[in-house]
Amino acid sequence: MKANSLSVVTALLIILLLATPSMAWQGRMAGMGDANGLIEDESDYLIHPATIAAGSGLNFYGNYRLTYNKTTKWDYSISSPALSVTYPFSTSGHSWKNEGQLGAAFTLGAGRMGVFFDYTGINGNYSGDQSYTGFWYNGYATYDFSNKINDFALKVIYGLPVQTMKLGAEFQMVYRNEEQETNWRDAGNFFKNYLWSAEDYLENNLNPFMIPYQSKYWEAQGKVSVAGSMGPAKYAFTLKGGIPFASDNKFDRVGSLSYTIEGKVKGFKAGGDFWLRVPLYDRMVLPFVVSAGYKTIKRDGVFNAQLPWIVTYEHETKDIFVKVGGGVDFTPANGTKVAAGLYYDFIRTNQNLHASDTNLPTFYVDEYTDMPKYTEHRLTLKTLAEKELSSMIILRGGFNVFYGMVKSDYAYSAYDNFGPFSPFNMSTSGSNVGVNVSAGATVRLDKVSLEPFINAGYVKYKTSGDGTVGLFATEAEFNKDDWLIGGGLSVKF
């Protein structure tokens, strides 16, 4: 499947190269560590639609990017010394991410329009095992989980100069196909997408890794944008939002009892971006960035094939982020650029899952209130350099490093017609640290510009903490190591 995808994208790029003559596109930013907002670039109008009005003529664009993420360690260990219970989850795996884009920009009326087709595909597969000692028994189990994303988007951008300002808007229609799946195997059992770990089955709770779902839905997104000058300073401001519709959500449960829960996807997202560039003198500019966003997605479903047996579930995710920062964009000589910026990110995600199984007079209710409730305060340093060697070749590179302080809460509880099970509450804290190096170039061939780029990075996540299972003290530790390598090619005619 990956080979077929690469073949299709390669063929499309060759067709573009042979079709007509071109400058540069998203490969420039990728070759400098994705430093959007730190320096100016033509691709800025993908973030601020109003800035497309600054362009001219007819241009065609292509972009392809491949990222491989090798997870050498994704371990989760939980233990309760008082109960002599230890459950060590030891996991590894990998994911592939494919990103592609084809589009064009052209003059329309008094303004300028862009039409783009985007694709994002992710395929992640992970597996692990657990040699555990429990309160009642010891055992060995294996498990695996996977995540898949196939998103297709059509976006239309329009920008219009109005007196001293530029106004812009974007409408985007996205089709999303997303799936997460977990599987558990021990000596006598096989479970796919198990819902009932909160009933004192701590050893087979895979929800801290990922919560299963299978969703297909459309999403309508929009942006309104304004760009202009305040004295010598330049600004761009954009508001954006989106809602899902025409959705289908499934939860396939396989085990001693098998059934399919079917429902819908609901939610919305909203946010904004503000960029400001303040010149100190001809060769130095101070760029500032402020961004914020909120997103909530609720997946639900009901299995009601045979009354009075009813199974329901709800899975809700809430995300919020804020980014604030700035830097220096310096041009020491013609054809040479260096820049550096420092950014603060506030990241919060809260996932919860509710499941109920009713076959009166018996019923079960499982509540995973935090899986997890995650908060990170992150500082990121970005540096880049770009040098024009000749009229045909430009070289560039970027270096990024970040440090995040992380806090996560995990909690669940359950009860049935006989009473409650042992509730679980856990708080962990620690760090999330990463580094990334990028390099790229622009090669100008007549009117065609090619921008190859590569990048490599490493991310280390580590937290630990304590809590309770019922009345007993409990300890937990998370460790995750990711190695990333990627590259791609952008082209503009």
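This chain uses plain numbering: 1 for the first residue, then up along the sequence.
Salt bridge annotation for Asp481-Lys70: absent, with no cationic side-chain nitrogen under 4.0 angstrom from a carboxylate oxygen. By the 4.0 Å N-to-carboxylate-O rule, Lys264 lies too far from Asp300 to be salt-bridged with it. Ionic pairing of Lys269 and Asp319 is not present here: no N-O contact between side-chain nitrogen and carboxylate oxygen is shorter than 4.0 angstrom.
Partners of Phe321 according to the ring pair (Phe, Tyr, Trp, His ring centres under 6.0 Å) rule, which considers only residues two or more places apart in sequence or in another chain, do not exist here. Applying the side chain to side chain contact (heavy atoms under 4.5 Å, CB included) rule to Leu154 yields the partners Val115; only residues at least two apart in sequence or on another chain are considered. Scored by the ring pair (Phe, Tyr, Trp, His ring centres under 6.0 Å) test, Phe453 finds no partners at all (sequence neighbours excluded).
Between Trp309 and the choices Tyr259, Tyr364, Phe363, the ring-ring contact (aromatic ring centres under 6.0 Å, His included) rule is met once, by Tyr259. Residue Arg299 forms a salt bridge (charged side-chain N to carboxylate O under 4.0 Å, His left out) with just one option from Glu178, Glu316, Glu314, and that option is Glu178. Here the rule is ring-ring contact (aromatic ring centres under 6.0 Å, His included) with Trp74, and of Phe145, Phe89, Tyr461 only Phe145 fits it.
Not one N or O on the side chain of Asn359 forms a donor-acceptor pair closer than 3.5 Å with the backbone of Thr362. With hydrogens and angles ignored, the 3.5 Å screen pairs a side-chain donor or acceptor of Tyr368 with a backbone N or O of Ser197. With hydrogens and angles ignored, the 3.5 Å screen pairs a side-chain donor or acceptor of Ser247 with a backbone N or O of Val265.
Under the 30°/60° scheme for interplanar angles, the aromatic rings of His377 and Tyr344 are found to lie parallel. Using the six-membered ring where Trp is involved, Tyr458 and Trp483 have ring planes that are tilted, between 30° and 60° apart.
Heavy atoms of other residues, nucleotides or ligands lying less than 6.0 angstrom from NZ of Lys323 number more than 12. Other residues, nucleotides and ligands contribute more than 12 heavy atoms inside 6.0 Å of the NZ atom of Lys192. Remark: Tyr235 OH is packed, more than 12 non-hydrogen atoms of other residues, nucleotides or ligands lying under 6.0 Å away. Remark: Met405 CE is loosely packed, at most 12 non-hydrogen atoms of other residues, nucleotides or ligands lying under 6.0 Å away.
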Which donor-acceptor pairs under 3.5 Å do the side chains of residues 464-480 make with protein atoms, sequence neighbours left out?
unit_1: Thr474; atom_1: OG1; unit_2: Val469; atom_2: N; d: 3.2
unit_1: Thr474; atom_1: OG1; unit_2: Phe472; atom_2: O; d: 3.4
unit_1: Glu477; atom_1: OE2; unit_2: Asn479; atom_2: ND2; d: 2.8
unit_1: Lys480; atom_1: NZ; unit_2: Asp482; atom_2: OD1; d: 3.4
unit_1: Lys480; atom_1: NZ; unit_2: Asp482; atom_2: OD2; d: 2.7

Atom pairs and distances, donor-acceptor, side-chain atoms in residues 379-386, under 3.5 Å, two or more places apart:
unit_1: Lys382; atom_1: NZ; unit_2: Asp34; atom_2: O; d: 3.1
unit_1: Thr383; atom_1: OG1; unit_2: Phe399; atom_2: O; d: 3.2
unit_1: Glu386; atom_1: OE1; unit_2: Arg28; atom_2: NH2; d: 2.9
unit_1: Glu386; atom_1: OE2; unit_2: Arg28; atom_2: NE; d: 2.9
unit_1: Glu386; atom_1: OE2; unit_2: Arg396; atom_2: NE; d: 2.8
unit_1: Glu386; atom_1: OE2; unit_2: Arg396; atom_2: NH2; d: 2.9

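The stretch residues 140-152 participates, sequence neighbours left out, in these salt bridge (Lys or Arg N to Asp or Glu O under 4.0 Å) pairs: Asp144-Arg185, Asp151-Arg176.
Annotation: the span from Asn147 atom CG to Ser95 atom OG amounts to 7.0 Å, rounded to 0.5 Å.
Taking the ring centroids of Trp96 and Tyr68, they lie under the 6.0 Å cut-off.
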